[in-house]
Amino acid sequence: MVAFLSKNDLSKYMWVVFGVLMVAFLSKDVCSGAKMILLAGKQRLSTQRRVKFFIGGTFLVSITLFILYVSAIYNKTIATSNTDLIINSVAILFIMEIDERVYELIENTNFVKMRIRKGIDDIDSNKSGDTDNKQDDSDMESLLSEFNAFRCEHEDQRIALEQQQGQINSLLETNADQKITLEQQQRSNEDFKIALEQQQQRSNEDQIALDQQQGQINSLLETISLLETNKDQRIALEQQQSQINALMETIGKLSQNTLLDKSV
């Protein structure tokens, strides 16, 4: 695609990809904000909670739509290629996901601490009986199973993020290959243009030479025509001269006859 070096290199397909990415990641916040605004209209809730829901939902929807608008304006102004468009979109979405990830980390950390503390308290409070020991063991096993499930869930999320990163990298590599191909095509077009200009110049020179030769041929034809005209005139003059000579001989003979008649 050298075409990627100008604003005209931003293809419509990549703008569609940008829109899909933004909608896929920001639609959750828009839906959450809309639900909060709808909950603000429920009469069963207290006035204080309804006000909180309304303010929070309005703020969340406004911030999300503002981010979508600013992202579009920013990419339209700054992005000079499809690669820049994708990188800027991923960076914006990464910044948007930071607060969610931090919140999940804090929530899960507190959950693990609470579960471990609860297990320790249960062990200290239950000092006798096999039944209590078995209950403690079951609590610890449930705690470990929940922790393992939490770890597996985060491992799946990490794998999904790595897959998305691999897809983005492959897309960037494809765009780089397309860029190289377009650069080669542009060079070929420039070389072909130069060859056409040279051929046009040679054609003009050949046309000028042909015009000159045609002029020389025309002048030669005119000369030949003049020579033929002069030849015809010369033949006519010779004929007239012969006629005059014949007339002079006839006149001479007549005059001789007249003189002979007079002498007789």
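Worth saying up front: this structure is predicted, and the values here are computed from it rather than measured. Hydrogens, waters and symmetry mates play no part in the numbers below; they use all other heavy atoms, side chains included.
Contacts of Arg44 classified as side chain to side chain contact (heavy atoms under 4.5 Å, CB included), with partners at least two apart in sequence or in another chain: Lys42.
Linking Ile, Leu, Val, Met, Phe, Trp and Tyr whenever their side-chain heavy atoms come within less than 4.5 Å leaves Ile63 and Val23 in two separate clusters.
The residue from Leu68, Leu60, Ile67 that alone fulfils the side-chain contact (heavy atoms from CB on, under 4.5 Å) condition with Thr64 is Leu60.
Summarising the local packing, CD of Gln48 is surrounded by 12 or fewer heavy atoms from other residues, nucleotides or ligands at distances under 6.0 Å.
Counted by atom type alone, Asp211 and Gln207 present one or more donor-acceptor pairs between their side chains at under 3.5 Å.
In this structure the side chain of Leu247 never reaches within 4.5 angstrom of the side chain of Gln243, judged on heavy atoms. Inter-residue side-chain proximity for Ile217 and Leu221 is flagged as met; some heavy-atom pair is nearer than 4.5 Å.
Here the shortest heavy-atom pairing between Ala72 and Trp15 reads O-CH2, 4.2 Å. Shortest non-hydrogen contact noted between Ile86 and Val17 is CD1-CG1, 3.8 Å. Contact record, Gln164 with Phe25: OE1-CZ, 4.2 Å, taken as the closest heavy-atom pair.
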If you apply the rule side chain to side chain contact (heavy atoms under 4.5 Å, CB included), what do you find for Gln200 with Leu196, and how did you get there? CA-CA 6 Å; Gln200 184 66 29; Leu196 285 177; over 6 Å; no
Candidate pair Leu210 and Gln213, rule side chain to side chain contact (heavy atoms under 4.5 Å, CB included), full reasoning: CA-CA 5 Å; Leu210 288 174; Gln213 291 178 357; 4.0 Å; yes
Start with the C-alpha gap between Lys253 and Glu249, add the side-chain angles, then the distance that decides, and say whether salt bridge (charged side-chain N to carboxylate O under 4.0 Å, His left out) holds. CA-CA 6 Å; Lys253 289 179 179 181; Glu249 290 178 356; 5.6 Å; no
